[in-house]
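Report on one structure; see the data block that follows.
Just so it is clear, the model here is predicted, and its values are computed rather than measured.
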Amino acid sequence: MEKNKSQERWGNAEYAMDVGVLLSSTNRQIERRVCQRTAEQTQVNEALVAQILARQQVEEALRQSQKQLSELIEHQAQIKEDERKRIARDIHDELGQNLLALRLDISRLQERTRHSHPRLHKHTCIALNNIDLTIKSVKAIINNLRPFILELGLQAAINWQLDEFSRVTGLAYRLHHRSPENEQIFSDEQTLAIFRILQESLNNIAQHARASTVEVSLGFSADHRHFFMDISDDGIGIGAADIKKHKSFGLAGIRERLHAFGGQLIIDSTPTNGTTLSISVPVRESCYRNTDDGIAE
Ligand SMILES: Nc1ncnc2c1ncn2[C@@H]1O[C@H](COP(=O)(O)OP(=O)(O)O)[C@@H](O)[C@H]1O
Ligand SMILES: [Mg+2]
C-alpha cells in the first residue's frame, strides 16, 4: 500500500516533469513562431512601405508630367498664336500692299481706257472686280489668323464670331450675357484663349452636332470670382467613346488651356438634350473686387 503510494507520487512527479518539458518546448516553439511571424510581418511591412513610397514617387512623377503636359500645351498654343500673328503680318505687309498697288494701277488704266478703248476698259473692270474679291478674301484670311476684332474687346469678338458662324452654317444662335464693362479682367492671353475655345466649340457643333440652334451664355459666378461661358447646342450629343477618340484633341486642348490659368471645363451631353460645354475662368482678384458696378445686363 505504502509502495503503491510512493509509486503514484513518482508517477505524478514524472508526469509533472513531462508536462513541464512539453510546456517549455511548446513555449520555445511558440516563441520561435512569433519571432518568425514578426520577422515575416516586418518584411511585409517594409515591402508595403517600399511599395507606398514607390507609388508616391510614381504619383509625383505623374503629377509632374501632367503639369509639364499642361505647360507644353499652353506653350504650343502660344507658339501657334505667335506664328499666326507673324503670318498675318507678312500677308498684310507683302500681299496686301502689292494687291493695293495693283488695284491702283488697274484703276488708273480703267479710267484711261474708259472712252478710248472700250474693250480694254471692259477687261480692266473685270480685273478690278477680281482684285477686289482677292483683297476681300485676303482680309478674311488675315482676320482668321489674327482676329483684329479682339482689339475691340472680348464681347465684340464673341458677337462677331457668332454672326460669322451663323452666316457660314445657317444655324440660328442666341446670346445671353452679363458682360464685363471692364475688359481688363483678363490678360490678352486669356482673352485670346477664351475666344479660341469659343471657335473650337462652334467648329465642333458645325462638324459633329447636327444641331439647329446654338445658345451662348456669358456671365459671372455669384461672388464674381469666376467668369463663365456656356455653349449649348440641341444636337445629337457626345458619346462616351467620342471623347476618347484617337487623334481628337479639340476638347482635350480646351481642357488643358483652361487648366493652364486655373479654369475648368465641364461637359454635359445627352442624345436628347444636345451638348453644353461650360467653361469657367478665375477673374483677377484686383478686378472682381470692382465688378459689382462693372457688370451690365
Ligand atoms: N457639340 C458636339 N456634338 C456632338 N458631338 C461632339 C460635339 N463636340 C465634340 N463631339 C464629338 O467629340 C469628338 C471629339 O471632339 P474633339 O476633341 O473636338 O476632336 P475632333 O473635333 O477633332 O474630332 C468629336 O469627334 C465628336 O464625335
Ligand atoms: Mg474639334
Between [X] and [Y], what is the shortest heavy-atom contact and its length?
X    : Y    : value
H226 : S280 : CD2-OG, 4.3 Å
L150 : A157 : CD2-CB, 3.6 Å
D242 : G239 : OD2-N, 2.8 Å
A206 : T169 : CB-CG2, 3.9 Å
R146 : A88  : CB-CB, 3.9 Å
T113 : L120 : CG2-CD2, 3.7 Å

The test is salt bridge (charged side-chain N to carboxylate O under 4.0 Å, His left out); show your working for R86 and D90 and say whether it passes.
CA-CA 6 Å; R86 188 189 62 73; D90 285 355; 2.9 Å; yes

Check the pair I231 / I279 against side chain to side chain contact (heavy atoms under 4.5 Å, CB included), numbers first and verdict last.
CA-CA 9 Å; I231 304 147; I279 72 149; 5.6 Å; no

Heavy atoms of other groups near R210 CZ, more than 12 under 6.0 Å
no

Within a reach of under 6.0 Å around CD of Q43, are more than 12 heavy atoms found that belong to other residues, nucleotides or ligands?
no

Distance (rounded to the nearest 0.5 Å) between [X] [atom1] and [Y] [atom2]:
X    : Y    : atom1 : atom2 : answer
I141 : T134 : CD1   : OG1   : 10.0 Å
R257 : E189 : CZ    : CD    : 10.0 Å
T42  : N45  : OG1   : CG    : 6.5 Å
L95  : L100 : CG    : CG    : 10.0 Å
H176 : S217 : NE2   : OG    : 4.5 Å
R63  : Q56  : CZ    : CD    : 9.0 Å

Determine whether [X] and [Y] make a side-chain contact, defined as any pair of heavy atoms from C-beta on separated by less than 4.5 Å.
X    : Y    : answer
L145 : I91  : yes
F195 : W160 : yes
V283 : H224 : no
H208 : D233 : no
L175 : L218 : yes
R255 : I267 : yes
L198 : F165 : no
V138 : I142 : yes

Hydrogens and angles aside, do Q78 and D82 bring a side-chain donor and acceptor to less than 3.5 Å of each other?
yes

Side-chain heavy atoms under 4.5 angstrom apart, residues restricted to Ile, Leu, Val, Met, Phe, Trp, Tyr: same cluster for [X] and [Y]?
X    : Y    : result
Y15  : L23  : yes
I87  : I135 : yes
V216 : F228 : no
L128 : L104 : no

Test side chain to side chain contact (heavy atoms under 4.5 Å, CB included) on L251 and I238 and set out the steps.
CA-CA 11 Å; L251 294 171; I238 307 179; 4.1 Å; yes

Looking at E83 and K80, does any basic side-chain N land under 4.0 Å from a carboxylate oxygen?
no

Apply the test salt bridge (charged side-chain N to carboxylate O under 4.0 Å, His left out) to residues R108 and E111: give CA-CA distance (whole Å), side-chain angles for both, the deciding distance (0.1 Å), then the verdict.
CA-CA 5 Å; R108 272 196 209 116; E111 274 310 307; over 6 Å; no

Do the side chain of [X] and the main chain of [Y] share a donor and acceptor less than 3.5 angstrom apart?
X    : Y    : value
N204 : A209 : no
S166 : L171 : yes
T26  : L22  : yes
D268 : T276 : no

Test log, rule side chain to side chain contact (heavy atoms under 4.5 Å, CB included), inputs Y173 and I205:
CA-CA 12 Å; Y173 76 85; I205 293 173; over 6 Å; no

Could you walk me through whether R37 and E40 pass the salt bridge (charged side-chain N to carboxylate O under 4.0 Å, His left out) check?
CA-CA 5 Å; R37 288 300 300 271; E40 280 169 13; 3.7 Å; yes

Aromatic contact, F186 with F261 (centres under 6.0 Å)
no

Trace of the side-chain hydrogen bond (donor to acceptor under 3.5 Å, both in side chains) decision for Q199 with R196:
CA-CA 5 Å; Q199 284 185 320; R196 292 294 186 209; 2.7 Å; yes

F227 and I194: side chain to side chain contact (heavy atoms under 4.5 Å, CB included), yes or no, with the steps?
CA-CA 10 Å; F227 168 78; I194 293 170; 4.1 Å; yes

Passing option when I197 is tested against V281, L265, L277, L258 for side-chain contact (heavy atoms from CB on, under 4.5 Å):
L258

What's the verdict on salt bridge (charged side-chain N to carboxylate O under 4.0 Å, His left out) for E81 and K85, showing C-alpha distance, side-chain angles and the deciding distance?
CA-CA 6 Å; E81 290 301 344; K85 207 163 153 183; over 6 Å; no

